[in-house]
Amino acid sequence: MEVRTRFAPSPTGYLHVGGARTAIFNWLFARRFKGKFILRIEDTDQERSTDESTNAILEGMRWLGMDWDEGPFFQAKRVDIYNEHLERLIKEGKAFYCTCSPDELEAKRQKALSEGKKPKYDGKCRGNTKRPDVPAAVRFLSPNEGFTVVDDIVKGRVVVENSELDDLVIRRSDGWPTYNFCVVIDDATMKMTHVIRGDDHLNNTPRQIQMYEAFGYPVPKFGHVPMILGSDKTRLSKRHGATSVMAYREMGYLPEALFNYLVRLGWSHGDQEIFSRDQLIEVFDLENVGKSAGVFNPEKLLWLNAHYIKESANRKIGSLVTPFLEAKGFEPSRGPDLEKVVTTLRERAKTLLEMADFAEFYYREDLIYDENASAKFLKPESASVLEALVARLQDISDAEFNHDGIEKAFRDITEEKGLKLKDLAQPVRVALTGSAISPGIFEVIEVLGKGRSLKRLQKAVDLISSKS
Ligand code: GLU
């Protein structure tokens, strides 16, 4: 049988990393078994659902590289299908109209609570299968006896006594079918074979199984994945840092890194940490989803991001870092070759944002000098060595203006003047980058190019003479 999985977000906010992980598990499972992955937008809560949120979710899915084979389907457009199903249940006596007023239900609830009993709908309207003249809710007739069993792929067997379960409202008196009902009709009519979702839905599953059974629909396999927790072991929320997938993009993370990180958070394959997407498609399964909640670890995500930055081609990183530089007001096409810039920074930058920060000195017209670095290295006695370098670099032909040619120029000057390399390199570094810390100085000069390097060196010489 063809595997069919789905991701069914409610469009009431951005794509949360927890939701993204659920989507990833479903997507990988479908891809692994060459099945289908379906996207369904659960927008029956009309007050809280927005198009903006739907778009944000789709954008997050695309950014993470998850494609869907069918959909997106929108529940709000499927109300006729839900109503047809609902009529069928009423006709078969498996659902009924309920005219109990909210006040009446609340009074009964309070009474049960005051008697120390668990509040439960008392079945007053059971048997009402004729549509009343007044607006009425519709309830599912839940069996009083027996058990409902969930054989969960992740959690194992969960058994619930049917007497514990209420006659659930499946259509409110305002005419809108409710969440648990729509999910069942959708998953059944969309022929889902596996329902993989957060374990906050595990409570709903016995009720949902009762409804599949009432319709005679095959029950899919369920896998309830534990929630993601923050470092203090409470459910991951904004208090712990960014929870939106797109916020990670804005912070300069690569989708490969977040994807890899989220898969490993709650699933394992031995000790392996780094997986290509193709590898994941080969080995992902539900058996190795952990039973207990994973703790979100931002340092590990950062480590993975640094790994993927190092692994990716310069050209790719160059194009990804461009918008970050542009946001800082720089136009990379007007400065040194971005791919070469990336080569000098990729070992140090853990995010694209950090890389853009590091790259700033390459593109800045007016260099900003770090005060301490300038005081320490741009001193009167540095002027003559900088001038010597200017003269020496000017003599290098364009063909030899490369790492080796530049290194030789440094060596000639240090030998001639009896200096150590750092006596020359540090003033030059500050002159060219504004800081005492930078990538290798020969690379920096090569990437800046002759014209820019000479200009900056000369400017530092001028600065020194203006100071003295
Ligand atoms: N719409 C539900 C949610 O966003 C998901 C329901 C499901 O996966 O069954 O939590």
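When a ligand or atom number is given, it counts from 1 through the structure's own listing order.
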Check whether any heavy atom of Tyr179 sits under 4.0 Å from an atom of ligand 1.
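Distance cut 4.0 Å: Tyr179 passes for ligand 1.
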
Only pairs under 3.5 Å count here: list side-chain donor-acceptor contacts from residues 304-314, not counting sequence neighbours, and write none if there are none.
residue : atom : partner : partner atom : Å
Asn305  : OD1  : Leu254  : N            : 2.8
Asn305  : ND2  : Gly252  : O            : 3.2
Asn305  : ND2  : Lys350  : O            : 2.8
Tyr308  : OH   : Asn260  : OD1          : 2.6
Tyr308  : OH   : Phe275  : O            : 3.0
Ser312  : OG   : Tyr308  : O            : 2.6
Asn314  : OD1  : Arg346  : NH1          : 2.1
Asn314  : ND2  : Thr343  : OG1          : 3.3

Those atoms of ligand 1 less than 4.0 Å from some heavy atom in Glu42
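That gives atoms 1 (N), 2 (C), 5 (C), 6 (C) of ligand 1.
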
Should you measure from each heavy atom of Ser10, which atoms of ligand 1 turn up under 4.0 Å away?
1 (N), 2 (C), 3 (C), 4 (O)

Flag [X] as yes when one of its N or O atoms lies below 3.5 Å from any N or O atom of ligand 1, and as no otherwise.
| X | answer |
| --- | --- |
| Arg40 | no |
| Val183 | no |
| Arg6 | yes |

Ring pair (Phe, Tyr, Trp, His ring centres under 6.0 Å), that's the test. Do Phe25 and His194 meet it? Break it down for me.
CA-CA 11 Å; Phe25 283 3; His194 295 77; over 10 Å; no

Could you tell me if the ring centre of Trp27 sits under 6.0 Å from that of Phe7?
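Trp27 vs Phe7: aromatic centres not under 6.0 Å.
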
Honestly, is Arg139 close enough over Tyr121, meaning NZ or CZ under 6.0 Å from the six-membered ring centre and within 45° of the axis?
yes

To the nearest 0.1 Å, how far is atom 10 (O) of ligand 1 from its closest protein heavy atom, and which atom is that?
His201 NE2, 2.8 Å

Could you identify the single nearest non-hydrogen protein atom to atom 5 (C) of ligand 1 and state the distance to 0.1 Å?
Ala8 O, 3.3 Å

Main chain of Phe284, side chain of Asn288: is a donor-acceptor contact present, judged purely on distance under 3.5 Å?
no

Is the Tyr217 ring parallel, tilted or perpendicular to the His85 ring (thresholds 30°, 60°)?
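Tyr217 vs His85 ring planes: tilted.
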
